[in-house]
There are 2 protein chains.
Amino acid sequence: MDIARSEDPDIGIPATCRICEARQGVVCGALAAAQLRELSRHSTRRKVDAGREIVAQGEEVTSYSNIMDGVVKLCKVMPDGRQQIVGLQFAPDFIGRPFVPESTLSAEAATPAEICVFPRGLLDRMIADTPELRHNLHAQALKELDAARDWMLTLGRRTAQEKVASLLYLIATHAEPETTSSTAFDLPLSRAEIADFLGLTIETVSRQMTKLRKQGVIRIENNRHIVVPDMDELERLVSA
Amino acid sequence: MDIARSEDPDIGIPATCRICEARQGVVCGALAAAQLRELSRHSTRRKVDAGREIVAQGEEVTSYSNIMDGVVKLCKVMPDGRQQIVGLQFAPDFIGRPFVPESTLSAEAATPAEICVFPRGLLDRMIADTPELRHNLHAQALKELDAARDWMLTLGRRTAQEKVASLLYLIATHAEPETTSSTAFDLPLSRAEIADFLGLTIETVSRQMTKLRKQGVIRIENNRHIVVPDMDELERLVSA
DNA sequence: CGTGACGTTGACACTAGTCAAAATTTGTGG
DNA sequence: CCACAAATTTTGACTAGTGTCAACGTCACG
């Protein structure tokens, strides 16, 4: 009956997908039930330890993934070992670059993560067949471009203190959707990773964090857990 | 006759477009003859003085443009006036952001430039109608994303000398397609703009340029004209 | 020939980096 | 559950690299 149909939009959708956090994400949100069924048959859900590489810089890419849980960092490294994190991705973001054979950067789990891996050929075919999917990927690319350019401003023109405040603000707004004036969260990154994201050294990051703590802008519990009593104060320090 | 048709692919194409540098560009390369005619009827070619703004940060966008000649810089400015150039665009690049009402950055002519301006609504309609155009815009977005992330590495992890070398290398490879070992070109940016691109001060840029000159890596004629006797040497200093 | 914009150079200050050591947290095996 | 080892973070002393401020040069233009 029409009523039954309109009341259950999940008819024909695999059970795994129904409870999936990325069901409405960039990729799966654009697929029809039949496509979801086929994709789900060939995908594997996989746990990734923190620090484990998902895609290697300069390597041929044979699969794409959805982040189901955790945080993934996108890195560039120089031959001499200097490193820069050029992006952070959160669930349910999509990892992968259509149209290009190999990746110019590496993707690595920053926290223990869970990803859903799609074979490249299959998803490429669905991209070719599905205008809405293409549109979603285009929109995500533009979103990432904006994020990258915002961060360029941070890297080029902000002081160490502003950089650290920017990072805390970024994590806070991505981890905690609620915009109450007080916030608490766990840092998904080590001090070394924060340094690689901000273009600083570990020591400078540590010193700036201590300074923010002594100023009362944040409280630090067990290194990773941060409490921000007043988000407005933190935002002020970003001077955006 | 078939022969005539295959020998002249420009049948039905406006005269202005036939001699246009951007004819095979991201936008016009994807359009059919009829679309080109319509777009050409509603476009205006315009000269823009160096330093003149094309799109303002935070302003509603009512038009898109093709760069026909010259170099355009994409800038972000902070409330206190600190500024960062987040991208350089060369002819025949496309300027504009589909899907979004207003620009998060400003576009400004770095050199005297010539642009071809399209009304937004018309091009939006063509984007909706033309899969190849959407694909080209998507591909350009990905290219810009790669460029932005490459530059993040430069901003975050390279020294002043490496930064200046990176910029010279970037300009040299975009201005002079030939890859002979020796190259000469005009800088499209003032020292102040170079500083804003590299996250440095004017003085540091100036000092590093003199240093490169004294090392024999470059020759400087009239401030803007640069000669690179040995590109490999310059590339080595980028330590990419 | 003067004027103003742009670029260079110098002296000095200060931010962030380097190197080293101590403190804290995390993980492991008994 | 505790003790110890390893990893991570913090802190300190010192240095190097950029920034700041100021003066001087140079070039284009009226």
Side-chain angles (χ1 to χ4, degrees), chain A residues 49-52 73 78 80-84 110-112 154-168 186-215 218-226 237 239, chain B residues 49-52 73 78 80-84 110-112 154-168 186-215 218-226 237 239:
Chain A
D49 293 338
R52 176 79 60 206
K73 55 179 180 166
M78 293 169 62
D80 62 9
R82 279 178 286 177
Q83 198 167 346
Q84 176 70 43
T111 61
T154 298
L155 288 173
R157 288 304 184 197
R158 286 200 231 266
T159 64
Q161 166 136 4
E162 290 170 334
K163 285 181 177 182
V164 172
S166 298
L167 178 87
L168 294 175
D186 280 309
L187 280 177
L189 303 177
S190 69
R191 298 292 186 272
E193 290 170 318
I194 294 175
D196 281 340
F197 197 20
L198 296 173
L200 298 171
T201 58
I202 304 181
E203 294 92 330
T204 301
V205 171
S206 179
R207 278 188 257 267
Q208 295 301 335
M209 298 265 287
T210 320
K211 204 167 154 195
L212 288 174
R213 179 168 53 72
K214 287 183 176 162
Q215 289 173 359
I218 57 173
R219 288 206 311 277
I220 306 179
E221 292 159 13
N222 287 337
N223 288 338
R224 290 285 189 126
H225 191 77
I226 305 288
L237 289 178
S239 60
Chain B
D49 292 338
R52 177 78 60 205
K73 55 179 180 166
M78 293 169 61
D80 63 7
R82 280 177 286 176
Q83 197 167 348
Q84 175 69 42
T111 62
T154 299
L155 289 172
R157 288 305 186 196
R158 287 200 231 264
T159 64
Q161 166 135 8
E162 290 170 335
K163 284 180 176 181
V164 172
S166 298
L167 178 87
L168 295 175
D186 280 309
L187 280 176
L189 303 178
S190 69
R191 298 294 186 270
E193 290 170 317
I194 294 174
D196 281 340
F197 197 19
L198 297 172
L200 299 171
T201 58
I202 303 180
E203 294 92 332
T204 301
V205 171
S206 178
R207 278 188 258 267
Q208 295 301 335
M209 299 264 287
T210 348
K211 204 166 153 196
L212 289 174
R213 179 168 54 72
K214 287 183 177 162
Q215 290 173 357
I218 56 173
R219 287 207 311 277
I220 306 178
E221 290 160 13
N222 288 335
N223 288 337
R224 290 285 188 127
H225 191 76
I226 305 288
L237 290 178
S239 60

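Note that the structure is predicted; figures quoted are calculated from it, not measured. Labels below follow one simple rule: chain letters A, B, ... track the order of the sequence lines, proteins then strands, and each chain is numbered from 1. Values below: all heavy atoms of this structure, side chains included; hydrogens, waters and symmetry mates excluded.
When rounded to the nearest whole Å, the span between CZ of A:R213 and C1' of D:dT9 equals 11 Å. The nearest whole Å value for the distance from the CZ atom in B:R82 to the P atom in D:dG19 is 13 Å. The separation between B:I202 atom CD1 and D:dT18 atom C1' is 14 Å, rounded to whole Å. If you take CD of A:E221 and P of D:dT10, they are 14 Å apart, rounded to a whole angstrom. Rounded to an integer number of Å, the gap from B:K163 NZ to D:dG19 C1' is 12 Å. Going from atom CD1 of A:I226 over to atom P of D:dT9 covers 11 Å, rounded to whole Å. Atom CZ of B:R157 is separated from atom P of D:dT18 by 13 Å (rounded to the nearest Å). A:I220 has its CD1 atom 14 Å from the C1' atom of D:dT8, to the nearest Å.
Across all their heavy atoms, B:L198 and B:K163 have their closest contact at O-NZ, 3.0 Å.
Under the 4.5 Å side-chain criterion, counting only non-hydrogen atoms from C-beta, A:R157 is not in contact with A:E162. Using a 4.5 Å heavy-atom threshold, the side chains of A:N223 and A:R191 count as touching. At least one side-chain heavy atom of B:L187 sits under 4.5 Å from a side-chain heavy atom of B:L168. In this structure, A:K73 and A:D196 have side chains that are not in contact, with every pair of non-hydrogen atoms separated by 4.5 Å or more.
Between chain B and DNA chain C, the heavy-atom contact criterion of under 4.0 Å yields a 5' to 3' nucleotide range of C:dG7 to C:dA11.
With DNA chain C read from its 5' end, the first of the two nearest nucleotides for A:R224 and A:A160 is the one closest to A:A160. Comparing A:N223 and B:T210, the nucleotide of DNA chain C nearest to each residue sits closer to the 5' end for B:T210.
In this structure, the side chain of B:Q84 engages the main chain of B:F197 through a donor-acceptor pair within 3.5 Å.
For CZ of A:R224, the number of neighbouring non-hydrogen atoms (other residues, nucleotides, ligands) closer than 6.0 Å is greater than 12.
Near DNA chain C, defined here as any heavy-atom distance below 4.0 Å, there are no residues from residues 192-201 of chain B.
Just one of B:T210, B:L212, B:T204 meets the side chain to side chain contact (heavy atoms under 4.5 Å, CB included) condition when paired with B:Q208; it is B:T204.
Contact of B:R207 with D:dG17 (side chain to base): no donor-acceptor pair of N or O atoms is detected under 3.5 Å.
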Before giving the answer on side chain to side chain contact (heavy atoms under 4.5 Å, CB included), spell out for B:M209 and B:R213 the whole-Å C-alpha distance, their side-chain angles and the decisive distance to 0.1 Å. CA-CA 6 Å; B:M209 299 264 287; B:R213 179 168 54 72; over 6 Å; no
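Out of D:dA22, D:dT9, D:dT11, the shortest distance to the side chain of B:E203 is found at D:dA22.
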